[in-house]
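What follows is one structure encoded as C-alpha cells, with my remarks underneath.
Quick caveat, the model's predicted, so the values are computed rather than measured. Naming convention: chains lettered A, B, ... in sequence-line order (proteins, then strands); numbering from 1 in each chain.
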Amino acid sequence: MSLKLYNTLTRKVDEFRSIRPGEVALYTCGPTVYNYAHIGNLRTYIFEDVLKRSLGWCGWKVKHVMNVTDVGHLTSDADSGQDKMEKGAAREGKSVWEIAGFYWQAFKEDLVRLNILPPDVWCKATDHIAEQIGMVKALEAKGLIYRLEDGIYFDTGKLGDYGRLARLDVAGLQAGARVDLVQGKRNVTDFAVWKFSPKDSKRLMEWPSPWGVGFPGWHLECSAMALKYLGEQLDIHCGGVDHVAVHHTNEIAQTESITGKQWVSWWMHGEFLTMGEGARMAKSEGGFLTLQALIDKGYDPPAYRYFCLNAHYRQQLAFRWESLDSAATAFERLRNRAIELRQAAAANSAGTADAQTASSGRLADFREAVEDDLNMPRALAAMWGLLKNSKLPARQAWADLLDMDRVLGFGLETIQPRKIEVDADLAARVEKLIAERTAAKKEKNFARADEIRKQIAELGVELKDTPQGPVWRKL
RNA sequence: GGCGGCAUACCCAAGCGGUUCAAGGGGACGGAUUGCAAAUCCGUUAUCUCGUGGGUUCAAAUCCCACUGCCGCCUCCA
C-alpha cells in the first residue's frame, strides 16, 4: 500500500496516507448538467477514475462521492442575469428539471461508455438546499458574511490564509483585477454564498431562506455535500485545474471556517485537454466535442480513454485527430491481443516457474508506474512489455493483463471484437461479391479476384483472407 | 497586471543528476508469411542528442540563470 501522489496543497509528490487506515474518502467535483460533457471534461473524469482504481488496486477501500450541479448559476455574461440551467431550458423549451435530468443521464452514459466506475454516492445540489442554508447560518454565526444588494457574501478578508491552495497573491489580484467588481464587495476575492432572485422576475429554481428568496452560491454545494457524506475531514478532493484558484479555494474557506479543521488532506487536479488549433474547449463557448461526436466519427469510446492514458494527468494534452487515430489503432491492437490471449488462456496450462518470474517483473514495472503519481504512460509501456513477451504462457499473461486492467479500465475481461452495425442489404452484396471472388481464386483468376476486392473496398468494407476463410468488416 | 505549466525522434509521449547518454504507442522502412494484400511475427528508425545560450557538478535531457516560442488559470469552463 505504497502510492505516491501529487498534492496541489504542498506542490509535491508525497506518499499517500489516509486518515483512517485502509479507507479513503474521495470527493470529486461533478458536472453541471445543462449540456453534454465535452471530451475535455471527460479527460478529468478519466483521470479521477484511474486514481480511484489505483487506490483500490493498492488496497484501499474507497468511498467516492460525486456531486451533480443542477442549480442554475450565472453565466459569464454578467449582465444577462440568466443562468446556465435556465438558458439551457429556454434553448430547448423544457423545464430546468427536465434539462438537469436529461443531461445527468447523458453524463452517466458517457461514464459507462468510457468504463468509468460510478461513485458510491451521487448527490444533487438541489437535494441539499437545507444543508447549504445551514452552512450559511453557521458562517453567519461566525460573523464571516455580509449582505449586498444581490446576495450574501463571504468576507475573505477575515481569513488569514485565504488562497493558500492556489498560493494566491491577494494584493496582486487587487492590483491587476480584470474581474468586474460587484458593487460593495469588501475584497475582490469575496464570493456569494446565497444569491437573491431578481426582484422583477421569478426564477425557475429558487428557495426561501432566512435572508430572502434565492439560490445557493456555487461553491457551497460541494462543501455541504462533502461534509454530509464524508465527514469533516476527507482524504482526497479532485477537480480540474481551473478549480484551484476559485472554486476549491472558496470551498476551503467556507468549510474550514466552520469546522476549524483542515478539511482535505490531498487536493488533486487534472490538467486540461486543449484544442490544438487555438480554439479552447469550453462549454460556455458553444463549439465543443462530445463523446458522441467521436463515436459518430467511428471511434470507440475506450480508444479515447487510451488516448488520455497515454499522457500524464498533470500534463496538458492537445487534442488532435491524428493523435486520436494513433490511440485508436493502439487500442484495437490491444483489444485483439486481449481476445487472443483470453482464448489461449482458456486452453493453456499454468506456467513454469521461470515464466512466473518474468511475469512478476512486468507487474513490478507496472506497479512502480502506478505508484509513481499514476504514471499511466509508463504503465501502458509495462502492459505492452507483457503483451510482447511471447515466452509467457497464455494463462499467466492473461492473468497479469487482467490485473493491470483493474487500473487501466479497458474492460478487457469481457471485451468483444469491434462490431459495427451493417445493414442487411450491404451485407448481402458483400457476401455475394465474396462468393464470386472465392470462385475466381479457385480458378487462379487473381486479376478478377483483386478487382472484386477493389469493389468491396469501394463499399467501405475491408476484406481479409484468413486461414479460416475470408473475413470482412465495415470500416 | 498576477499565478502556473510546457519545449525530448516524422507524430503522441515517458524519463527529472550517474546504475539503459533516452520507455512505450503510432507512423515509416526492410524481412518472414500471402497468388497479391490485410492481419500477425522479426528487425530498423534520437549516439557531436533532449528549444537556444550560459553556468553549477567528477557527472545534466534531468539543477541554476538568461533568452525564444507555445499553453493554461486568475470569468459559477474539467
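- Annotation for A:M404 and A:M383: closest pair SD-CA, 3.7 Å, computed over non-hydrogen atoms.
- Per the geometry, NZ belonging to A:K185 stands 11 Å off C1' belonging to B:U75, to the nearest Å.
- Between A:F107 and A:Y45, the gap from one ring centroid to the other is short of 6.0 Å.
- When the C1' atom is used for both B:C76 and B:C71, the distance is 24 Å, rounded to whole Å.
- The separation of B:G43 from B:U52, taken at their C1' atoms, amounts to 36 Å, rounded to a whole angstrom.
- Nearest nucleotide to the side chain of A:T329, out of B:G27, B:C73, B:G35: B:G27.
- No contact: A:V471 has no heavy atom under 4.0 Å from any strand.
- Contact annotation for A:K388: backbone-only contact, meaning every heavy-atom pair under 4.0 Å involves sugar-phosphate atoms and none involves a base.
- Atom CE in A:M383 sits roughly 10 Å away from atom P in B:G26 (whole-Å rounding).
- The shortest heavy-atom contact between A:L401 and A:A338 is CD2-CB, 4.1 Å.
- Using C1' as the reference atom, B:U20 and B:U62 are 15 Å apart when rounded to the nearest Å.
- Side-chain atoms of A:D450 and base atoms of B:G35 include a donor and an acceptor less than 3.5 Å apart.
- Distance A:E368 CD to B:G15 C1': 12 Å, rounded to the nearest Å.
- For B:G26 and B:U34, the P atoms lie 25 Å apart once the distance is rounded to whole Å.
- Look at A:R320 and you'll find a side-chain N or O under 4.0 angstrom from OP1 or OP2 of B:C12.
- When the nucleotides B:A13, B:G27, B:C11 are ranked by their closest atom to the side chain of A:E322, B:C11 comes out on top.
- Distance, A:D372 CG to B:C16 P: 7 Å, rounded to whole Å.
- Of the candidate nucleotides B:C12, B:C36, B:A23, B:C36 has the atom lying nearest to any side-chain atom of A:R453.
- Using a 4.0 Å heavy-atom criterion, one finds that A:F47 contacts no nucleic acid atom at all.
- Two residues are said to be in side-chain contact when any heavy atoms from C-beta on lie closer than 4.5 Å; A:E271 and A:T44 fail this criterion.
- Between A:K444 and A:A382, the residue whose closest nucleotide on RNA chain B is further toward the 5' end is A:A382.
- With B:G72, B:A23, B:C74 as the candidates, the nucleotide lying closest to the side chain of A:A245 is B:C74.
- Counting non-hydrogen atoms under 4.0 angstrom, A:R437 reaches a base of the nucleic acid.
- Of the residues listed (A:Y6, A:Y313, A:F272), the one engaging A:F47 in a ring-ring contact (aromatic ring centres under 6.0 Å, His included) is A:Y313, and it is the only one.
- Residue A:N250 contributes atom CG, which lies 12 Å from atom P of B:C74 at whole-angstrom precision.
- A ring-centre distance under 6.0 Å is found for A:Y103 and A:Y36.
- Contact annotation: side chain of A:D465 to base of B:C36, donor-acceptor pair present below 3.5 Å.
- At a threshold of 4.0 angstrom between heavy atoms, the contacts of A:G239 are confined to the sugar-phosphate backbone, with no base atom among them.
- For A:A381, taking side-chain heavy atoms from C-beta onward, the closest of the listed nucleotides B:C71, B:G35, B:G24 is B:G24.
- With RNA chain B read from its 5' end, the first of the two nearest nucleotides for A:R11 and A:F446 is the one closest to A:R11.
- Among the duplex regions that RNA chain B forms, those built from at least three successive Watson-Crick or G-U pairs under 3.5 Å are B:1-7 with B:68-74, B:10-12 with B:24-26, B:27-32 with B:40-45, B:51-55 with B:63-67, ordered by first number.
- Taking atom P on both B:C16 and B:G31, the two are 39 Å apart, rounded to the nearest angstrom.
- Aromatic stacking of A:W384 on B:G25: not satisfied for centres closer than 5.5 Å together with planes under 30 degrees.
- Comparing atom distances between the A:Q315 side chain and each of B:G27, B:G5, B:G35 picks out B:G5 as nearest.
- A gap of 13 Å separates the P atoms of B:G17 and B:A61, to the nearest Å.
- Closest to the A:S326 side chain, of the nucleotides B:A14, B:G26, B:A38, is B:G26.
- Nucleotides B:U8 and B:C50 are separated by 4 Å at their C1' atoms, to the nearest Å.
- Atom P of nucleotide B:A13 and atom CZ of A:F319 are separated by 13 Å, given to the nearest angstrom.
- The side-chain contact (heavy atoms from CB on, under 4.5 Å) test with A:H237 is passed by exactly one of A:M268, A:H243, A:E251: A:E251.
- Comparing B:G5 with B:C10, their C1' atoms sit 26 Å apart, to the nearest whole Å.
- A straight line from OH of A:Y306 to C1' of B:A14 spans 12 Å, rounded to a whole angstrom.
- In this structure, CG of A:D242 is placed 7 Å from P of B:C74, rounded to the nearest angstrom.
- When the side-chain nitrogen and oxygen atoms of A:K195 are compared with OP1 and OP2 of B:C76, none of them lie within a distance under 4.0 Å.
- Between B:G26, B:G35, B:C12, one nucleotide has an atom nearer to the side chain of A:L317 than all others, and that is B:C12.
- Residue A:H312 is in sugar-phosphate contact alone, with no base atom involved, counting any heavy-atom pair closer than 4.0 Å across all strands shown.
- A salt bridge links A:K195 to A:D150: at least one charged side-chain nitrogen sits closer than 4.0 Å to a carboxylate oxygen.
- Looking at A:K52 and A:D49, no side-chain N of the basic residue comes within less than 4.0 Å of a carboxylate O on the acidic one, giving no salt bridge.
- Looking at heavy-atom distances under 4.0 Å, A:H243 makes contact with sugar-phosphate atoms alone, never a base.
- To the nearest 0.5 Å, atoms CG (A:L374) and CG (A:L309) are separated by 10.0 Å.
- With A:T255 as the fixed residue, the side-chain contact (heavy atoms from CB on, under 4.5 Å) test singles out one of A:L234, A:L227, A:V264: A:L227.
- Of the candidates B:A78, B:G15, B:G25, B:G15 carries the atom nearest the A:N375 side chain, counting heavy atoms from C-beta on.
- When the nucleotides B:C12, B:A23, B:G25 are ranked by their closest atom to the side chain of A:R378, B:A23 comes out on top.
- OP1 and OP2 of B:C73 both lie 4.0 Å or more from every side-chain N or O belonging to A:R167.
- Across all strands, A:R314 comes closer than 4.0 Å to no nucleic acid atom at all (heavy-atom distances).
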